[in-house]
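Structure, as structure tokens:
For this chain, numbers begin at 1 and follow the sequence in order.
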Amino acid sequence: RQAPLLLLLLLLLFLLLQANSMSSSVSLLKKDFAIIAPRVSGGISAASSALIIFIIFQSRSKLSKIYHRIMFGMSCVDILASVAMGLTTLPMPPVTQEELEDLDPRYIHGGTKVGNARTCATQGFIFTFGIYAMFAYNLSLCIYNTCFIVCRMQERTILRYVEPFIHLLPLAFGLVLAIPPLSHNSYSPTSASMWCSVAFIQSTRTSNSSSDDNDVNFHALQSYKIVIGAMSILFLSLIVLCGLAMIGKVYYIERNLSRARSTGPGSNHERATRSLRNTKVLVFQVLVYVLSYVLTLAVPIVYLVVPITETKARIIVFFLSQALFPLQGFFNALIFISHKIYNYRRVHDDVSRCYVLKLLLAGDSEEVMLFSRVSMINHDQRRRVMEIELADESGNVEHISIEEDHEKTPSVASVASAADMFYDNGNVDCEMEQNLSGFSKTPSPTKSAASSSPLKFASRNEGGKDDVFLPPPPPSLSPQNEHSVDDDSRLSYSRKSHGILSSMSQGGLSGLSSTNEENI
């Protein structure tokens, strides 16, 4: 975990020493470090992406998982971009002495040049396609996890409706931004990098093209910059929205599970908590993928956008951009392999990370199946029961129920209807607010007959009179705290008479009869 940070600190120290030895930023492109750094970092990135592909094909599931297919596509486009950046000045056309006089000093690159205009354009096309396709694949990964975690979509549903879009989006985005500069012959050496890319500014003081052609190319490149900026902002906004949605979903489920009742190891609560923990790891993994890509892009963007006047600071930023920009595949491999090792060691906590890495490379590691998504289907506050759905990346779905802890949640007032009666161990509170003005009392039977007869509820319809019998109240009721009968047509329960009373109403029908004539 400390190795990447240590390497970054050593890189910064080396750049400080390089900056102190340079007095001008004009010769930045001719420094050996600017030429060697992209070759080293580009080679490391390409090898790391190839390692991801190797581990995927060594695994037992291979490309049967959507996550593996996304990482396979991301690694392929990263290999293209990393190789294009790693070649640095080799595809550039050699510059003669006469051409050197016409070049702006800021565009004079060092290093070996053995290519021509076509190889330079090819390098710029592959670099542009790979970089923007990589950016879109990060969005595709966020969309996949958002559909899985937030939208509760099954794996087969994502496979049928979402995955084609997940792979078509990066390819289309990369091609849309890579083809227009190729048609306008805009790929050439630039002052922002050690490889051929889109040149938004003419690098020569004189041009063989007519002024009209130059104006057309200039306006086309300005429109191209606007399109790049708009689409980048749109994609970043979508990535942020997906990240916030996943974080909000995890927070909502965690807050509700904190009120659930834990019944020990192996219980539904413990399984849901373990699944939620794995969902957190999944969300964290997606966010780290995005942050690593933003980290590699941040330094070049700062170099191009922020006007840095101090020479040493500009040298350091330029060298950092050349060293970090090609390292996206390296960061992807770190995250991918770390997640695999973490999943394996959650089940086999007695093994070391190096041992798990050997298993991954040899293809002998078992496919650890852990629930990677937990979703709340229903939260019945009256019954205080939460219905939870657990799902994994292979499409296995399971539904469980978890009771809330009564000590952690506020009591919910019970809602009873006029036709319901609840007894709770002799503690009865049956005062009800419904208006029953259409009922009146009927003559009660004798005490001897009433002692064994149930309560009678009589309702009169147009076709006659129907009687519905209610069971007698439980004998455990204590004859205390008799409720008075008011004239507001409310039902009241008399614990002394074990009956249900109804106040008189004018023109009412035959209503409730009690078992105690005196109380009536």
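- Atoms SG and CD1, on Cys151 and Ile143 in that order, are 10.5 Å from each other to the nearest 0.5 Å.
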Quiz item: What's the verdict on side-chain contact (heavy atoms from CB on, under 4.5 Å) for His339 and Leu334, showing C-alpha distance, side-chain angles and the deciding distance?
Solution: CA-CA 9 Å; His339 183 67; Leu334 282 180; over 6 Å; no
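- With hydrogens and angles ignored, the 3.5 Å screen pairs no side-chain donor or acceptor of Thr157 with any backbone N or O of Met153.
- Judged purely by atom type and a 3.5 angstrom limit, Glu254 has no side-chain atom pairing as donor or acceptor with the backbone of Lys249.
- Tested against Ile149, the residues Ile247, Val286, Val283 include a single side chain to side chain contact (heavy atoms under 4.5 Å, CB included) partner, Val283.
- Here the NZ atom belonging to Lys340 is positioned 5.5 Å from the OG atom belonging to Ser59, to the nearest 0.5 angstrom.
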Quiz item: Going through the distances and angles, do Ile53 and Ile79 end up as a side-chain contact (heavy atoms from CB on, under 4.5 Å)?
Solution: CA-CA 11 Å; Ile53 296 175; Ile79 290 176; 4.0 Å; yes
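- Atom CG in Asn332 sits 7.5 Å away from atom OG in Ser45 (nearest 0.5 Å).
- Contact annotation: the side chain of Asp78 never approaches that of Tyr137 to less than 4.5 Å [non-hydrogen atoms, C-beta and beyond].
- Ring geometry, Tyr303 versus Phe318: the interplanar angle falls from 30° to 60°, so the pair is classed tilted.
- The only member of Tyr132, Phe173, Tyr293 that meets ring-ring contact (aromatic ring centres under 6.0 Å, His included) when paired with Phe235 is Phe173.
- Phe125 is not listed as a side-chain neighbour of Pro181, based on a closest heavy-atom distance of 4.5 Å or more.
- With hydrogens and angles disregarded, a donor-acceptor distance shorter than 3.5 Å links the side chain of Ser292 to the backbone of Tyr289.
- Other residues, nucleotides and ligands place more than 12 heavy atoms under 6.0 Å from the CZ atom of Arg255.
- In this structure, the side chains of Ile131 and Met85 come closer than 4.5 Å at one or more pairs of heavy atoms.
- In this structure, Arg346 and Arg277 have side chains that are in contact, with non-hydrogen atoms separated by less than 4.5 Å.
- Using modelled atom types and a 3.5 Å distance limit, the side chains of Tyr224 and His184 yield no donor-acceptor pair.
- Judged purely by atom type and a 3.5 angstrom limit, Arg345 uses its side chain to pair as donor or acceptor with the backbone of Val351.
- Between Val294 and Asn138, every side-chain heavy-atom pair lies at or beyond the 4.5 Å cut-off.
- Ring pair Phe127/Phe325 is perpendicular by interplanar angle, where above 60° counts as perpendicular and below 30° as parallel.
- The CD1 atom of Ile179 sits 8.5 Å away from the OG atom of Ser183 when rounded to the nearest 0.5 Å.
- Of the possible polar contacts, one joining the Ser64 side chain to the Ser61 backbone as a donor-acceptor pair under 3.5 Å is found.
- Distance check, rounded to the nearest 0.5 Å: OG of Ser82 to CE of Met134 gives 6.5 Å.
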Self-check item: Working for side-chain contact (heavy atoms from CB on, under 4.5 Å), residues Asn116 and Cys120
Solution: CA-CA 6 Å; Asn116 51 39; Cys120 184; over 6 Å; no
Exercise. Check step by step if side-chain contact (heavy atoms from CB on, under 4.5 Å) holds for Trp195 and Leu87.
Key: CA-CA 7 Å; Trp195 50 86; Leu87 292 176; over 6 Å; no
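- Here the side chain of Gln123 pairs a donor or acceptor atom with the backbone of Cys196 at under 3.5 angstrom.
- When all heavy atoms of Thr119 and Gly115 are compared, the closest pair comes out as OG1-CA, 3.3 Å.
- Between Lys65 and Glu155, none of the side-chain N atoms (NZ, or NE/NH1/NH2) sits under 4.0 Å from a carboxylate O, so this pair counts as no salt bridge.
- Residues Phe336 and Ile341 form no side-chain contact, since every pair of their non-hydrogen atoms from C-beta on lies 4.5 Å or further apart.
- Contact annotation: the side chain of Gln285 approaches that of Ile335 to within less than 4.5 Å [non-hydrogen atoms, C-beta and beyond].
- Between Thr89 and Met194 the shortest side-chain heavy-atom distance falls below 4.5 Å.
- Judged by distance alone, the side chain of Ser41 and the main-chain N or O of Ala323 form a donor-acceptor pair under 3.5 Å.
- Going from atom CG of Leu51 over to atom OG of Ser75 covers 9.0 Å, rounded to the nearest 0.5 Å.
- The two atoms that bring Thr88 and Pro38 nearest to each other are CG2-CB, 3.6 Å, heavy atoms only.
- Between the side chain of Ser321 and the backbone N or O of Pro300 there is no donor-acceptor pair closer than 3.5 Å.
- Ring pair His68/Phe72: centre-to-centre distance not below 6.0 Å.
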